Amino acid sequence: MNSASLHPQEVLSSVFGYDAFRGEQEKIITGLIAGESCGVLMPTGSGKSLCYQIPSICMEGTGVIVSPLIALMNDQVIALREAGVRAAAIHSGLDYNEIRATFDDLRNGNLDLLYVAPERLVNDNFLDILDNIKIALFAIDEAHCISQWGHDFRPEYRQVSLLRTRYPNTPCIAVTATADTATRKDIVDRLSLPNLYIAGFDRPNITYYVSIKDNPRSQLSRFLDARDKKESGIIYCLSRKKVEETAKWLQEKGYTALPYHARLDTHIRANNQERFIKEEGIIMVATIAFGMGIDKPDVRFVAHLDLPKNIEAYYQETGRAGRDGLPSVAWMVYGLQDLALQRQMIEGSDAPEEQKRIERQKLTAFLGYCETATCRRQVLLNYFNDDGEPCGNCDTCLHPPETFEGSIAAQKIMSCILRTGQMYGGGYIVDVLLGKKNERIERQGHESLSTFGIGTEHSSKEWQSLIRQLVARGLLYIDMESYGAIKMTQEGVDFLKLKPSLQMRLDPKIMGGNMARSSTKTDPMTLLENESDQDLFVELKALRMSIAKENNVPPYVVFHDKTLIEMVLFKPSSLSAMNDIPGVGKSKLDKYGQIFLDKFQK
């Protein structure tokens with residue numbers, strides 16, 4: 001297919017089945033074809049991959065794509081081959097003969113795109129091969145991995161910068177969905193990129209929900225019970241033990257839940273991942289080891305049972321929901337203990353002190369997102385220097401929390417922390433405020449403090465929430481060297497002196513039940529109004545699954561749910577009409593067009 005005579009618009013239509021470019025895709029693609037290098041920051045599901053796939057097809061030579069995970073490479077290659085593109089990957093999961101055949105294709109100019117890991121790319125033998133072939137472009141996927149300020153820094157990615165000096169006349173594109181200001185600058189500087197395109201961070205199809213932990217299993221159960229069991233989803237946990245226990249518990253409740261973590265047997269892990277990709281209704285319970293290599297478009301929810309380490313990680317993990325643009329949910333529960341654990345992980349790492357300082361700031365910013373009384377989407381976008389109006393599609397918009405003038409409450413908390421010597425965690429401080437006489441408090445003589453029992457106007461949970469909010473605002477901090485004691489910051493000391501006005505929130509009583517029920521409209525079926533259309537959609541999904549099994553590919557590689565919905569809505573009467581449906585394309589029309597068309601010609 002590789003030919004300099006192909007026009008990007010022609011490739012977009014005939015290969016990928018879309019009529020028009022989105023945003024600045026066309027400008028990026030045209031620039032690359034003209035030899036211009038750039039960085040691209042686009043939200044997941046907005047078509048980043050097309051920005052390097054289309055010029056690789058249009059240009060003379062092979063597009064060399066740097067990718068961090070085997071699963072991600074395989075996923076892209078399978079999808080491209082289904083679309084009629086000459087794509088291949090070279091990685092450690094292939095045998096000698098497969099790798100040799102791919103090298104032969106590369107030397108003979110028979111590849112449009114080649115995916116490789118960064119370690120292999122900078123290998124001298126591999127570079128010698130690249131020196132003797134025509135390279136269309138270099139693409140650095142998941143480019144945030146190149147930056148030590150990124151949430152997923154990988155040292156081996158740093159070496160990729162040598163491409164810019166060794167092949168100065170070959171255009172290079174670096175793409176990512178997640179990078180704050182410091183990470184963006186690092187990517188641009190290290191790869192000497194003259195242009196940076198930022199397409200925004202908003203994922204309007206995702207509904208965001210955050211709740212305080214209050215029996216997390218019960219909360220998760222209510223959330224899942226309100227959903228269709230045919231939905232695919234991901235549940236993230238911080239520890240391997242919790243992954244195993246949660247998966248087993250869900251299995252006992254009748255869900256098809258599979259565990260995934262780095263210590264799981266390699267074959268079991270690979271099998272679980274394959275089932276998640278190729279089947280419907282699978283819930284993957286995983287650590288953060290799972291996800292980056294997954295391009296499954298119909299993940300309808302991502303749930304967090306523990307707090308991620310920062311907003312970038314949260315944004316990327318929740319971004320695995322709804323890649324097809326259909327309604328999806330990001331759901332999370334967290335508590336002060338999660339914050340303490342994340343602080344402990346930061347302090348216990350071998351990172352330089354400067355990096356620890358940045359990680360602490362990022363964690364505090366994330367807590368601010370969790371504790372906000374305003375639109376969550378606005379807080380997310382503002383973090384990435386993006387903006388937007390209140391979305392009306394997150395829990396704080398749908399169920400606005402009550403706010404009150406909290407200066408007096410804050411003063412009570414801080415006074416209690418000071419009078420108890422800044423030596424105790426949140427639970428102890430709350431017990432003193434509520435005037436609870438127990439053995440520990442009496443042993444310390446704290447029942448005689450002036451702050452003992454001065455906080456009966458709020459419940460224990462409300463005081464815990466107020467403490468978290470003060471941590472989020474930087475007035476308090478958790479000192480892990482003092483076993484998680486809550487202490488005053490200088491800003492907190494200044495606050496006590498000046499006593500300014502302070503708006504605080506009271507957590508809504510919606511802890512998973514109503515919240516879950518109000519977020520169930522993520523089944524594509526809800527986009528089809530009448531029963532006959534819904535029945536037809538089910539038939540098309542069954543046909544797609546049978547084709548996928550026969551060809552041993554994921555169902556979405558045949559057609560996305562979104563494409564099936566378009567088929568149902570427009571009911572094509574000919575192959576020509578079928579070709580007009582977004583996401584079909586010439587190769588898939590030739591392979592599957594008539595089979596699907598028959599469903600409309602009964």
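Model, not experiment: these values are computed from the prediction.
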Any ion pair linking [Y] and [X] (charged N to carboxylate O, less than 4.0 Å)?
| X | Y | answer |
| --- | --- | --- |
| K562 | D324 | no |
| R505 | E462 | no |
| K356 | D350 | no |
| E347 | R343 | yes |
| E359 | K309 | no |
| R357 | E354 | yes |

Aromatic ring proximity [X]/[Y], centre distance under 6.0 Å:
| X | Y | value |
| --- | --- | --- |
| H144 | Y157 | no |
| H446 | Y428 | yes |
| W331 | Y209 | no |

Picking from L496, L475, L470, what satisfies side-chain contact (heavy atoms from CB on, under 4.5 Å) with M488?
-> L496

Verify, without hydrogens or angle tests, whether [X] (side chain) and [Y] (backbone) share a donor-acceptor contact under 3.5 angstrom.
| X | Y | value |
| --- | --- | --- |
| S218 | N215 | no |
| R240 | A286 | no |
| K436 | I441 | no |
| N272 | R269 | no |

Modelled atom types, side-chain donor and acceptor of [X] and [Y], under 3.5 Å:
| X | Y | result |
| --- | --- | --- |
| S465 | Q469 | yes |
| S161 | R190 | no |
| D298 | S232 | no |
| Q378 | N382 | no |
| D180 | T183 | yes |
| T372 | T374 | yes |
| N195 | S37 | no |
| E405 | S501 | yes |
| Q342 | Y334 | no |

Can you measure from [atom1] ([X]) to [atom2] ([Y]) and round to the nearest 0.5 angstrom?
| X | Y | atom1 | atom2 | result |
| --- | --- | --- | --- | --- |
| C375 | E389 | SG | CD | 9.5 Å |
| E244 | R263 | CD | CZ | 12.0 Å |
| T364 | I478 | OG1 | CD1 | 9.0 Å |
| T489 | E491 | OG1 | CD | 4.5 Å |
| Y115 | D75 | OH | CG | 10.0 Å |
| T318 | I234 | OG1 | CD1 | 10.5 Å |

Please report the closest heavy-atom contact between [X] and [Y], naming both atoms and the distance.
| X | Y | result |
| --- | --- | --- |
| A174 | I187 | CB-CG2, 4.1 Å |
| T178 | L41 | N-CD1, 4.0 Å |
| L238 | D306 | N-OD2, 2.8 Å |

Take D431 and R440, measure what salt bridge (Lys or Arg N to Asp or Glu O under 4.0 Å) needs, and give me the verdict at the end.
-> CA-CA 10 Å; D431 284 349; R440 190 181 180 199; over 6 Å; no

Run the side-chain hydrogen bond (donor to acceptor under 3.5 Å, both in side chains) check on R323 and Y556 step by step: do they pass?
-> CA-CA 11 Å; R323 288 172 180 255; Y556 58 82; over 6 Å; no

Does the cation-pi check pass for R376 over Y369, that is, NZ or CZ under 6.0 Å from the six-membered ring centre and within 45° of its axis?
-> yes

Cationic tip of K296 within the cone over F276's six-membered ring, i.e. under 6.0 Å and within 45° of the normal?
-> yes

Name the orientation class of the two ring planes belonging to F201 and F384 (parallel below 30°, tilted from 30 to 60°, perpendicular beyond 60°).
-> parallel

Under 30°, 30 to 60°, or over 60°: which ring-plane class applies to H304 and Y314, parallel, tilted or perpendicular?
-> tilted

Verify side-chain hydrogen bond (donor to acceptor under 3.5 Å, both in side chains) between S407 and Q411, making sure each step is shown before the conclusion.
-> CA-CA 6 Å; S407 177; Q411 291 172 43; 3.0 Å; yes

Find out whether P118 and Q159 are in side-chain contact, i.e. whether some heavy atom of one side chain is under 4.5 Å from a heavy atom of the other.
-> no

Check: V243 and Y260 side chains under 4.5 Å, non-hydrogen atoms | no

More than 12 heavy atoms of other residues, nucleotides or ligands under 6.0 Å from CD of E353: is that the case?
-> yes

More than 12 heavy atoms from other groups under 6.0 Å of NZ on K185 | no

Apply the test ring pair (Phe, Tyr, Trp, His ring centres under 6.0 Å) to residues F223 and F301: give CA-CA distance (whole Å), side-chain angles for both, the deciding distance (0.1 Å), then the verdict.
-> CA-CA 10 Å; F223 173 73; F301 68 86; 5.6 Å; yes

side-chain hydrogen bond (donor to acceptor under 3.5 Å, both in side chains) assessment of D141 paired with S67 | CA-CA 5 Å; D141 203 2; S67 187; 4.6 Å; no

